[in-house]
Amino acid sequence: LMLVQKETIIPDERLVPFIETAIERHKIYCKREAGMPSPWTTDDIFKRYFFCNVFRQYDKCSKWIITNILPYERWDLIILYRFISTMDTFEIIKRNAPLDDFKKVYAILEEMYNNGMTIFSGCFIRNPMINGKCVNTYTVPFHVIKEIKEEGNIVKALSNNKLEIMVKYLKNFSGTAGFMGYEYACDFEYTEYFNPTDKYTWANMGPGAKRGLSWLMYNREDHPITESSFLYNIRWIFERMKQRFNEMVPNEDFSMRE
């Protein structure tokens, strides 16, 4: 424990710019949403490159899912559309089928695949393995949903109201490792049937988060970090970030996801 505590001392020369960069990213979002003309920042990096929003619910795919899919109050539709996570594909489906018609949505994706159309963006890597065999990626969410329904315990898993438990549960199914399990679990949080009580104390150690913590702690991207060390240290960083965000944007609910 003492070793982990010592590792928590991240120099301000790296931590402060990290936090201020996150603040600047959210300021850009706020200015854009308010209808202010670009540029929304003087930062050359932000002008040239794309960064996800600090608050996930404000990314365009999340906003689309919240608007179009949450009203159905169905976990299976959330999994399907989060797996797709591509605005162009969302709009093609919306124009050509009821969003909750699995057969028609499958047929649309199959037709897009057969015509060589782009179905997925590169926002994250999707695992095309089902039962140890590689399949067409567009079929994966349908396999996953089928497995979950056959297993039959998702309602019980949701009732625990714990992100950590939900992610561990989802990892039991094909094509779903910690990253995608966390994506689904965080979307479930937008619903009325899943209210995680650990969102201020637990987060999934995805590859990007692990590399980012390695940069902050060791000024390199590949230092070995265990899950327990990861959680201890990001909880420490979280308190620093939350304090700063509460000063700048007090109306936002800043959780461990951010």
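What you are looking at is a predicted structure, and each value in this text was computed from that prediction instead of being measured.
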State whether a side-chain donor-acceptor pair under 3.5 Å links [X] with [Y].
| X | Y | answer |
| --- | --- | --- |
| Asn53 | Asp59 | yes |
| Ser174 | Glu147 | yes |
| Asn68 | Lys94 | yes |
| Tyr190 | Arg56 | yes |
| Tyr200 | Asp253 | yes |

Is the shortest heavy-atom distance from the side chain of [X] to the side chain of [Y] under 4.5 Å?
| X | Y | answer |
| --- | --- | --- |
| Trp236 | Leu15 | yes |
| Phe142 | Val105 | yes |
| Arg244 | Met248 | yes |
| Thr226 | Met205 | no |
| Ile154 | Met166 | yes |
| Trp202 | Tyr182 | yes |
| Phe90 | Ile65 | yes |
| Glu111 | Asn115 | yes |

Is there a donor-acceptor pair under 3.5 Å between the side chain of [X] and the backbone N or O of [Y]?
| X | Y | answer |
| --- | --- | --- |
| Ser214 | Arg220 | yes |
| Asp198 | Leu163 | yes |
| Asn160 | Lys162 | no |
| Arg211 | Glu221 | no |
| Asn153 | Lys156 | no |

Measure the acute angle between the ring planes of [X] and [Y], then classify it against the limits of 30° and 60° as parallel, tilted or perpendicular.
| X | Y | value |
| --- | --- | --- |
| Tyr29 | Tyr58 | parallel |
| Tyr81 | Trp64 | tilted |
| Phe254 | Phe245 | parallel |

query = With Arg74, which residues qualify under salt bridge (Lys or Arg N to Asp or Glu O under 4.0 Å), at least two apart?
reply =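 Testing Arg74 for salt bridge (Lys or Arg N to Asp or Glu O under 4.0 Å), a comparison that skips the adjacent residues, returns Asp76.
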
Heavy atoms only: give me the nearest [X]-[Y] pair and the separation to one decimal.
| X | Y | value |
| --- | --- | --- |
| Ser85 | Cys123 | O-SG, 3.8 Å |
| Ala185 | Phe194 | O-CE2, 3.5 Å |
| Arg126 | Ile84 | NH2-O, 2.8 Å |
| Asn233 | Ser229 | ND2-O, 2.7 Å |

To the nearest 0.5 angstrom, please state how far the [atom1] atom of [X] sits from the [atom2] atom of [Y].
| X | Y | atom1 | atom2 | result |
| --- | --- | --- | --- | --- |
| His223 | Leu213 | NE2 | CG | 10.5 Å |
| Lys199 | Asn161 | NZ | CG | 11.0 Å |
| Glu13 | Phe18 | CD | CZ | 15.0 Å |
| Thr197 | Ile165 | OG1 | CD1 | 8.0 Å |
| Cys61 | Ile66 | SG | CD1 | 11.0 Å |
| Arg14 | Tyr218 | CZ | OH | 10.5 Å |

Between [X] and [Y], does at least one N-O distance fall below 4.0 Å, as a salt bridge requires?
| X | Y | answer |
| --- | --- | --- |
| Glu164 | Lys168 | yes |
| Arg82 | Asp187 | yes |
| Lys146 | Glu150 | yes |
| Glu183 | Arg257 | yes |
| Lys242 | Glu258 | no |

Check against side chain to side chain contact (heavy atoms under 4.5 Å, CB included), Thr139 and Tyr106 = CA-CA 8 Å; Thr139 70; Tyr106 186 97; 3.5 Å; yes

Is it the case that one hydrophobic cluster holds both [X] and [Y], taking links as side-chain heavy atoms less than 4.5 Å apart, direct or via other members?
| X | Y | result |
| --- | --- | --- |
| Met87 | Met117 | yes |
| Val249 | Ile28 | no |
| Met256 | Ile225 | yes |

key: Intermediate values then yes/no, side chain to side chain contact (heavy atoms under 4.5 Å, CB included), Trp75 and Tyr184   = CA-CA 9 Å; Trp75 62 264; Tyr184 301 148; over 6 Å; no

query = Among Asn136, Thr118, Thr137, whose side-chain hydrogen bond (donor to acceptor under 3.5 Å, both in side chains) with Tyr113 holds?
reply = Asn136

With a 6.0 Å cut-off (strictly less than), is the heavy-atom count around [atom1] of [X], excluding the residue itself, greater than 12?
| X | atom1 | value |
| --- | --- | --- |
| Glu20 | CD | yes |
| Lys31 | NZ | yes |
| Arg32 | CZ | no |
| Glu151 | CD | yes |

request  = Among Val16, Asn219, Ile237, find the one that has a side chain to side chain contact (heavy atoms under 4.5 Å, CB included) with Ile10.
outcome  =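 Of the listed options, the one satisfying the test is Ile237.
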
request  = With Ile93 as reference, evaluate Asp88, Leu80, Ile108 under the side chain to side chain contact (heavy atoms under 4.5 Å, CB included) test and give the passing residue.
outcome  =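 Exactly one option meets the side chain to side chain contact (heavy atoms under 4.5 Å, CB included) with Ile93, and it is Ile108.
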
request  = Among residues two or more places apart or on two chains, list those pairs meeting side chain to side chain donor-acceptor pair (under 3.5 Å) that have a residue in residues 34-52.
outcome  = Glu24-Thr41

task = Measure from NZ or CZ of Lys149 to the centre of the six-membered ring of Phe102 and say whether it is under 6.0 Å with the direction within 45° of the ring axis.
result = yes

Arg240 to Phe238 six-membered ring, cation-pi geometry met (6.0 Å, 45°) =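 Pair Arg240/Phe238 does not count as cation-pi.
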
key: Stepwise side chain to side chain contact (heavy atoms under 4.5 Å, CB included) check, Ile119 with Leu109   = CA-CA 7 Å; Ile119 299 175; Leu109 297 178; 3.9 Å; yes

key: Aromatic contact, Phe120 with Tyr138 (centres under 6.0 Å)   = no

Residue of the set Lys63, Lys27, Lys60 for which salt bridge (charged side-chain N to carboxylate O under 4.0 Å, His left out) holds with Glu33 = Lys63

inquiry  = Go through it in stages, so that I can follow the logic: the residues are Val140 and Val135, the test is side chain to side chain contact (heavy atoms under 4.5 Å, CB included), and I'd like the CA-CA distance, side-chain angles, deciding distance and then a yes or no.
reply    = CA-CA 7 Å; Val140 170; Val135 299; 3.8 Å; yes

